[in-house]
Asks: 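Please read through the structure below; I'll follow up with questions.
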Amino acid sequence: MVVAVVWFRNSLRIHDNPVLSWAYESENVDSILPIYIFDEEIQQKSTLTMGEQRLRFQFDCVDNLHQNLKDKLDLDLHVFLGDSIDVLESIKQQLQSFEVILLNEYSTNPRDRKQSESIEKNFFSTNQNWSAKSLPASQTILDIEAIVNSSGFKSPKSMKDMVRLFKTEFGDFDNIVFATSEPNPSVGKPKQALSVNSEYQISLDKIRPLLSKPTYFIGGESEAIARLENKVISQQDYVNSFNKPKSISTNTKDNPMEPTTTGLSPYISTGCLSIRRLWNSCSKIQQSGEHTVPPVSLHGQILFREMFYLLSRSVENWDQDSGNSQCKEIEWGELNQVQLEAWELGQTGFPLIDAMMRQLDATGWMHHLGRHAVSCFLTRGQLWQNWTHGRDIFERKLIDSDWALNNGNWLWLAGVAPFSMPYYRIYNPCPDSKSSLNVETKDAEFIRHWIPELAEFPSKYIFEPHLAPLHIQESAGCLIGKDYPSPIIDRKEARKRNLQSFKLSLEKLR
DNA sequence: GGATCCGTTGTAGCT
DNA sequence: AAGCTACAACGGATC
């Protein structure tokens with residue numbers, strides 16, 4: 001008997017999952033064993049590498065996958081807790097008399113790659129009846145490994161490069177539609193039921209109560225498909241006119257937690273939503289009429305994602321400040337634990353920054369432009385801290401954490417990469433009517449929501465409450481320096497100093 | 001081969 | 001109040 005072990009890692013979905021479809025439709029496969037392996041750390045509610053909301057989101061993705069596999073394909077997702085080699089060894093004990101094909105996923109994340117490597121080295125060499133099968137990437141559109149290893153590969157640096165690459169790979173850019181798979185029960189032979197017993201196996205019901213409750217976004221393929229429908233497929237005008245978001249506000253009238261953007265990123269990073277399906281949904285809408293184009297369109301956003309995946313695989317030390325060809329080693333300041341903590345906890349005395357960081361902590365989400373504002377503030381804008389400190393905090397807290405993208409975006413925003421924005425374009429943490437971050441009434445509401453101390457503050461002073469006359473602070477019931485922090489830095493003075501320091505660092509590097 | 005252009009996403013000050 | 005201008009000025013691609 002041939003057993004296909006489908007190891008779900010970064011594609012927690014049934015739709016457009018080449019590995020699952022292959023197993024389901026293959027004539028050679030008699031039985032399917034879908035597995036998911038949690039690191040033991042999930043029992044701890046939050047850990048060094050995963051914050052509470054991120055852990056919970058991940059759990060809900062697996063929970064939903066378990067449910068959908070049962071309902072739609074009558075398959076039992078086996079969930080384990082422990083080191084992946086130990087878990088696979090224990091599965092091996094149960095499947096000794098079978099021929100086993102392990103379907104593993106490709107990744108650019110060094111942690112995943114190291115794990116896959118050690119599995120190849122220590123597992124397959126000693127288990128003759130086990131084999132591995134690799135299939136096209138499911139995390140990305142491009143076959144990252146193949147492209148990076150192709151002769152004449154050059155790191156893409158701009159949207160132009162990416163559009164060119166897509167044209168070479170897929171032809172006429174305006175009409176790209178990708179083939180996607182769906183497990184089809186009428187193809188292939190019926191699968192035999194199979195179950196294993198392992199000391200590492202754990203029921204999802206045991207883990208659930210250990211974790212925090214989700215505050216807004218619920219993980220899982222079902223939510224992903226519903227969100228795709230609500231925010232993309234049924235929003236044709238929005239898709240066709242998609243452009244750089246101008247307002248930093250995440251508020252919508254009916255639901256203060258709902259982003260003005262699609263909010264699909266956590267579903268893409270966990271693989272609940274296929275990037276190819278999202279691309280196709282956009283293509284279909286755009287065929288109906290006029291539409292924006294890369295870099296600003298939704299397709300453009302996807303191209304940037306692909307670009308960062310290519311870079312993350314081809315650039316040595318992609319996540320490092322030194323030894324990274326895409327990172328200029330700026331002489332950042334010594335780690336300032338007090339300021340870094342104020343930033344992380346939303347206690348900088350800059351309401352916009354603090355609201356964003358408090359939202360991140362509470363929900364695992366932050367608006368795109370908010371990420372720009374807070375990362376600029378931490379690095380070249382005000383606090384002059386190394387971008388890797390902020391990167392770590394984002395990595396841990398964001399429910400859409402993605403190693404390739406998180407590092408790419410920080411390199412971009414810190415102004416250290418060749419593809420990044422010019423270092424002297426510094427976001428104003430206290431935007432006014434002239435700022436690129438448009439100020440709307442909604443933004444004041446957003447700040448009052450996340451910083452209840454400022455709930456009664458007039459809009460006029462909401463971005464810089466310390467400038468409000470004392471009698472206004474008193475009538476708003478919030479004394480700056482007592483009920484809400486005074487600014488931890490003179491933003492204008494710091495901005496000026498940092499511009500000079502950045503320039504000086506660049507000169508030294510030349 | 002030097003000049004010019006371009007890169008998804010700026011700010012401050014003056015009129 | 002919106003619009004213009006100065007600021008600050010990288011580095012690779014292209015002409």
Asks: Take A:Y484 and A:Q473, measure what side chain to side chain donor-acceptor pair (under 3.5 Å) needs, and give me the verdict at the end.
Replies: CA-CA 10 Å; A:Y484 179 73; A:Q473 296 184 26; over 6 Å; no
Asks: Identify all pairs in which a protein N or O lies below 3.5 Å from an N or O of nucleotides 12-15 of chain B, and state each distance.
Replies:
unit_1, atom_1, unit_2, atom_2, d
B:dA12, OP2, A:N428, ND2, 2.8

Asks: Measure from CG on A:L504 to P on C:dA8 and round the result to the nearest Å.
Replies: 15 Å
Asks: Do A:W450 and A:D354 have side-chain atoms, one donor and one acceptor, less than 3.5 Å apart?
Replies: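 No, no side-chain donor-acceptor contact under 3.5 Å.
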Asks: Regarding A:S138 and A:S11, do their side chains bring together a donor and an acceptor under 3.5 Å, going by distance alone?
Replies: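 Result is yes, a qualifying pair exists.
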Asks: Could you go over nucleotides 13-15 of chain C and give all protein N or O partners under 3.5 Å, atom names and distances?
Replies:
none

Asks: My validator wants the stems of DNA chain B: runs of 3 or more consecutive Watson-Crick or G-U pairs, both distances under 3.5 Å, written as range with range.
Replies: B:2-7 with C:10-15, B:10-15 with C:2-7
Asks: Is the gap between the ring centers of A:F377 and A:Y427 under 6.0 Å?
Replies: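 When the ring centroids of A:F377 and A:Y427 are compared, they turn out to be at least 6.0 Å apart.
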Asks: Starting at atom CG of A:L411, determine the distance to atom P of C:dC10, rounded to an integer number of angstrom.
Replies: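 Going from CG in A:L411 over to P in C:dC10 covers 19 Å.
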Asks: Expressed as a whole number of Å, how far does the P atom of C:dC7 sit from that of B:dT8?
Replies: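 So the two P atoms sit 27 Å from each other.
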Asks: Report which part of the nucleic acid A:F304 touches: base, sugar-phosphate, or nothing (heavy-atom distance under 4.0 Å, all strands).
Replies: base
Asks: Kindly say whether the aromatic ring centers of A:F457 and A:F463 come within a distance under 6.0 Å.
Replies: no
Asks: Is the gap between the ring centers of A:W343 and A:F350 under 6.0 Å?
Replies: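 Ring centres of A:F350 and A:W343 not closer than 6.0 Å.
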Asks: Check every atom of B:dT8, C:dC10, B:dT9 against the side chain of A:Y424 and return the nucleotide holding the closest atom.
Replies: C:dC10
Asks: Centre-to-centre under 6.0 Å for A:W279 and A:F166, is that the case here?
Replies: yes
Asks: Ring centres under 6.0 Å, that's the criterion: do A:F502 and A:Y423 meet it?
Replies: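 Yes, they do, as the ring centres are separated by less than 6.0 Å.
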